[in-house]
Amino acid sequence: MDFSLNGRRVASPPAMDDDPLLYVLRDHFGLNGPKFGCGVGACGACTVHVDGAAQRACQLTPRDVKGRTVVTLEGLGSGRPDGLHPVQRAWIDASVPQCGYCQNGQIMTAAALLAADPGAGPAAAAAAMDEVVCRCGTQARIRQALSKAQAVIRDGS
Amino acid sequence: MTELSRRSLLKALGWATGGIIVFGGAGGARAFPTFPYRGAPTPEDAAVWLSLRPGGEIEVFSPRAEFGQGIAVALRQIVSEETGVGLEFVRCRLPGTGMIRPARATVGSDSIKDFGPLLAQAAAALAAAMRARAATLIGVPAESLTPSGDGFKAASGATVTLSRLAKGKPLIIDEQAVATAEPHSLRPGRAHTVVGQAQPTDDIDAIVTATRPIYADDIRLPDMVHGAAIRPELVGGRIEAADDTACRAVPGYLGLHRDGDFIAVLAERRGALRPALAALEVTTRGDGKVDDATIAAALDVDAALAGGALEHVLESDDMDPAADYDVDLTLDVPMAGHVPMEPRTAVARFRDDGKLEIWTGTQDAFFARAVVADELHLDEDDVVVHGLRTGGAFGGKTLCTVELEAARLARAAGRPVKVQWSRRDEFAGNFQRQPSRHRIRARLAPDGGIDAWWHAFRAGHVIFTSAALGPILQFATSFVPDMGSKRGALPPYRARRKRIEFEDVRLPVPTGPWRGLGAGPNSWAIETAIDALARQANRDPLAFRVGAIAADQPRLAAVLRQVATLSNWSDRRPDAGRGYGVACGVYKGMSYAAVVAEVAMADGDAPRVSGLWCAHDCGLVINPDQVRAQIEGNLVWGLGMALHERLEVRDGRIQADSHADYPLPRFSDVPAIDIALIGQEHVSSGAGETAIVAASAAITNAISALTGTTITRLPYRG
């Protein structure tokens with residue numbers, strides 16, 4: 001299937017057309033951003049952007065993204081100063097990660113939320129972020145980092 | 001059994017001595033527990049932890065695994081402080097069995113306490129060797145040199161860079177130099193520059209940008225294939241037969257591998273595994289009778305007490321069951337899962353020279369090596385386990401599981417194999433946190449203190465987990481009190497009479513180490529009963545605790561007073577559906593925490609934790625940012641214990657397939673968290689599990705403050 005992956009036109013092999021997009025991204029394209037966490041769309045660790053929206057890569061196949069634009073954590077900061085999206089910058093500044101395994105999903109979900117709704121209030125933030133599980137207990141820092149990133153994005157810097 | 005004969009028994013089993021023993025047990029019980037063997041690290045071990053690399057960097061070969069507790073950066077900070085070499089020139093490599101001498105499992109919040117001082121000694125020895133070489137290079141006395149971050153500077157202004165120092169013969173530090181070094185970096189009360197500095201976890205750049213491989217699933221080898229083991233669906237079940245005829249229609253399916261109880265499928269692509277597993281016809285045996293009621297019956301502490309004293313008596317004053325008690329509670333803690341976000345994953349490859357390499361995220365790379373070598377009849381020297389950053393462990397990645405599966409399949413396939421557990425495997429294929437049932441009876445003294453404290457409980461095994469022991473060993477160890485189940489059972493309070501007794505129970509569901517072992521459940525029970533006593537006495541629960549704390553626990557009283565200030569406790573009164581609760585505890589006799597929780601509860605709604613404050617004393621803090629992160633994590637775990645977590649068993653089946661079936665605290669469940677770190681004048685102890693002793697009870701006590709009813713069952717669901 002042909003699609004855009006982190007700004008490049010790519011083609012996934014026909015033998016993988018019915019595989020989870022997550023495995024295609026990880027095993028064929030060698031990407032490390034989206035993680036396997038549950039395989040059933042329940043944890044969010046595999047989140048990628050499809051045409052800008054946060055989607056679970058374990059619940060899609062290459063057929064679902066044919067002709068569409070897929071961005072993974074690797075491509076999120078592309079073209080930004082230091083190669084970091086404001087959400088990534090805020091995650092580093094607030095020292096969010098512990099084990100780090102869920103943070104792909106947290107960052108991709110937060111970035112999609114703020115792109116769609118830069119003024120997202122607490123209810124919208126909860127609706128989006130409650131869907132991404134963190135076991136280490138980084139939620140309080142995620143909230144701080146999200147606010148910081150939101151301020152940066154709203155101020156247009 | 002006397003203490004002495006227990007020791008003899010353990011010794012006979014090889015537990016009290018060094019080294020690793022691995023039993024090829026029956027019934028799939030092959031891996032051996034990781035806690036009681038392998039001694040403390042020695043200067044000989046530490047001599048290989050540090051080296052000055054040719055590029056001019058100091059490299060730390062970490063004897064501790066990293067799974068989010070921030071140990072790697074803390075070890076770098078110790079080395080940087082000790083040597084005066086800038087933190088940016090100190091890097092850390094996670095434990096591989098080919099790099100260092102065997103180190104014990106990364107468990108029990110003991111990394112800084114047990115490994116930090118030796119690492120500081122090794123760093124002091126390396127600093128002295130570097131200084132001596134620098135002095136020789138520029139021909140000045142060693143004493144006239146001062147570290148400049150990237151090398152040394154002489155009084156004359158001459159400098160020696162790290163890369164210049166690193167040229168020529170390797171700088172070797174030996175056991176003797178480590179043993180005699182006198183480090184300063186961990187001495188409380190000294191002015192430090194790098195120790196005490198807030199630093200993010202190592203690899204934060206790779207976590208946030210995914211530009212480098214850091215987890216086991218990021219390892220991809222040429223010609224690698226994928227495997228998945230087949231597990232019985234029912235607790236105690238067994239696979240009788242597997243027919244893969246239909247699997248052969250799945251493109252990419254390679255075959256079925258069977259070796260005793262180990263059955264697995266192999267496929268060219270990961271995407272072929274699920275359809276192959278779905279097509280596989282499996283005949284299993286299992287009675288499907290185990291359920292929550294079976295487990296509750298096994299934990300019936302009152303039935304056990306009816307037969308007299310429980311098996312293990314920790315405090316032995318006589319108590320009268322017929323007497324009146326001010327508080328008489330029966331308290332229940334359920335089973336819980338670890339639910340690390342990274343399902344365990346391993347890649348195994350046999351090299352052309354016959355040696356086996358394994359990449360994995362584990363709490364115990366050396367144990368994995370020992371088990372794999374034994375099972376595959378390899379020399380330990382022919383197995384190398386590369387420990388990678390682990391996506392959460394929490395006590396659940398202490399045994400050898402996926403590593404052995406990958407190794408077996410790599411041998412069978414003749415190709416490198418990756419095995420990654422499914423989420424269902426993580427829930428049902430691993431051991432669980434032990435459930436427990438507690439009966440606590442207590443009486444107030446006329447002076448407002450505690451007259452009598454009688455705590456009896458039955459709990460599942462932790463260290464002697466049936467996940468790891470064969471039946472013969474299970475029998476042998478049944479005479480020995482499980483030190484995991486009893487952790488945290490001794491209250492830090494004065495009482496005129498005390499009786500504490502327990503029984504460790506072998507449950508049909510394997511139970512084992514889970515963050516803090518017994519300390520989380522036991523402290524919750526104790527702190528619930530203490531709160532009930534304070535209510536009974538009509539006393540402020542925080543003041544009651546301060547008054548009742550044993551004289552030899554001044555640091556516990558100090559964290560309580562500190563959290564009172566931090567949370568503005570004296571002005572907090574329950575009103576308009578907002579309640580406040582407090583709890584405190586000591587972890588492993590070394591670290592102290594007190595927590596205040598604010599809970600908001602509108603009529604008929606589920607309670608919501610709206611504020612958490614924690615005062616914490618783990619002695620000198622190497623990295624306040626990472627210690628705070630550990631405290632935050634423990635508070636969220638306490639929140640999960642209090643309001644969310646319960647792993648159910650019905651009809652013989654663990655009732656969780658994914659996160660959807662096992663609620664954990666989510667983003668909007670977690671309030672702002674305010675932390676005070678005190679006690680820096682003491683030597684460093686541990687922070688990885690400490691706050692779990694106070695977090696859950698602070699929350700349930702806050703609910704009780706609102707409702708007036710003691711919560712006796714976790715989780716609280718209204």
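If you're wondering where the values come from, they're calculated on a predicted model, not measured in any experiment. Per chain, numbering begins at 1; letters A, B, ... match sequence-line order. Scope of the values below: all heavy atoms of this structure, side chains included, with no hydrogens, waters or symmetry mates.
Chosen from B/G392, B/A629, B/P340, B/G391, the residue pairing most often with chain A at heavy-atom distances under 4.5 Å is B/A629. Interface check for chain A: of the options B/I673, B/D625, B/V339, B/D669, the most heavy-atom pairs under 4.5 Å are formed by B/D625. Listed options B/L664, B/D217, B/T201 were ranked by heavy-atom pairs under 4.5 angstrom with chain A; first place goes to B/D217. If you tally non-hydrogen atom pairs under 4.5 Å between each of A/C43, A/C99, A/S95, A/G137 and chain B, the highest count goes to A/C99. Of the listed residues (B/S658, B/P343, B/A206, B/G70), the one with the most heavy-atom contacts under 4.5 Å to chain A is B/P343. Residue with the most contacts toward chain B among A/P97, A/A140, A/A126: A/P97 (heavy-atom pairs, distance under 4.5 Å). Heavy-atom pairs under 4.5 Å with chain A were tallied for B/R220, B/H659, B/R423; the largest tally goes to B/R220. Between chain A and the options B/D661, B/V208, B/T345, the largest number of non-hydrogen pairs under 4.5 Å is found for B/V208.
Between the CD atom in A/Q98 and the CD1 atom in B/I204 there is a gap of 11.0 Å [rounded to 0.5 Å]. Interatomic distance, B/I207 CD1 to A/Q88 CD, rounded to the nearest 0.5 Å: 12.5 Å. Summarising the geometry, atom SG belonging to A/C136 is positioned 8.0 Å from atom CD belonging to B/Q630; distances are rounded to the nearest 0.5 Å.
Not one N or O on the side chain of B/E342 forms a donor-acceptor pair closer than 3.5 Å with the backbone of A/Y101. Side chain of B/R666 to main chain of A/M129: no donor-acceptor pair is present (N/O by atom type, distance under 3.5 Å, no hydrogens or angles).
Interface remark: B/P671 contributes backbone atoms only to the contact with chain A (heavy atom separation under 4.5 Å). Only the side chain of B/H226 comes within less than 4.5 Å of a heavy atom of chain A; its backbone N, CA, C and O stay farther away. Residue contact with chain A, scored on non-hydrogen atoms closer than 4.5 Å, involves the backbone of B/A672 exclusively. Using a 4.5 Å cut-off between heavy atoms, B/Y215 contacts chain A through its side chain alone, with no backbone atom that close. Only the side chain of B/Q626 comes within contact range of chain A, with heavy atoms under 4.5 Å apart. Contacts between B/Q420 and chain A at a heavy-atom distance below 4.5 Å involve the side chain alone, from C-beta outward. Residue B/W637 touches chain A through its side chain alone, counting heavy-atom pairs closer than 4.5 Å. Interface remark: B/T390 contributes backbone atoms only to the contact with chain A (heavy atom separation under 4.5 Å). Heavy atoms closer than 4.5 Å to chain A are found nowhere in B/P251, neither backbone nor side chain. Heavy atoms of A/Q103 lying under 4.5 Å from chain B belong exclusively to its side chain. Heavy atoms of B/R424 lying under 4.5 Å from chain A are absent altogether. Heavy atoms of B/V636 lying under 4.5 Å from chain A belong exclusively to its side chain. Neither the backbone nor the side chain of A/L76 has a heavy atom closer than 4.5 Å to any heavy atom of chain B. Only the side chain of B/R269 comes within less than 4.5 Å of a heavy atom of chain A; its backbone N, CA, C and O stay farther away.
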After noting the C-alpha distance and the side-chain angles of B/M341 and A/V133, does the key distance pass the side chain to side chain contact (heavy atoms under 4.5 Å, CB included) rule?
-> CA-CA 8 Å; B/M341 289 309 296; A/V133 183; 3.8 Å; yes
Could you please spell out the steps behind the side chain to side chain contact (heavy atoms under 4.5 Å, CB included) verdict for A/L84 and B/T209?
-> CA-CA 8 Å; A/L84 293 175; B/T209 63; 3.5 Å; yes
Would you check, one step at a time, whether the test side chain to side chain contact (heavy atoms under 4.5 Å, CB included) holds for B/R628 with A/R141?
-> CA-CA 11 Å; B/R628 285 171 188 275; A/R141 293 191 187 201; 3.7 Å; yes
Salt bridge (charged side-chain N to carboxylate O under 4.0 Å, His left out) assessment of A/E74 paired with B/R212 = CA-CA 10 Å; A/E74 284 89 342; B/R212 277 188 289 124; over 6 Å; no
Decide side chain to side chain contact (heavy atoms under 4.5 Å, CB included) for A/V132 and B/F667; before the verdict, give the C-alpha distance in whole Å, the side-chain angles of both, and the deciding distance to 0.1 Å.
-> CA-CA 8 Å; A/V132 191; B/F667 174 78; over 6 Å; no
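Contact check on A/R143 versus B/E632 returns no salt bridge, with no Lys/Arg side-chain nitrogen under 4.0 Å from an Asp/Glu carboxylate oxygen.
By the neighbour-count criterion of 12 heavy atoms within 6.0 Å, atom CZ of B/R415 is densely surrounded, having more than that number from other residues, nucleotides or ligands. Remark: A/R8 CZ is loosely packed, at most 12 non-hydrogen atoms of other residues, nucleotides or ligands lying under 6.0 Å away.
Contact of the B/F394 side chain with the A/R135 side chain is registered, since non-hydrogen atoms from C-beta on lie closer than 4.5 Å. Side-chain contact between B/D205 and A/I92 is absent, with no heavy-atom pair separated by less than 4.5 Å.
Scanning residues 18-41 of chain A against chain B with a 4.5 Å non-hydrogen threshold yields A/D19, A/P20, A/Y23, A/R26, A/D27, A/G30, A/L31, A/N32, A/G33, A/K35, A/F36, A/G37, A/C38, A/G39, A/V40, sorted by number.
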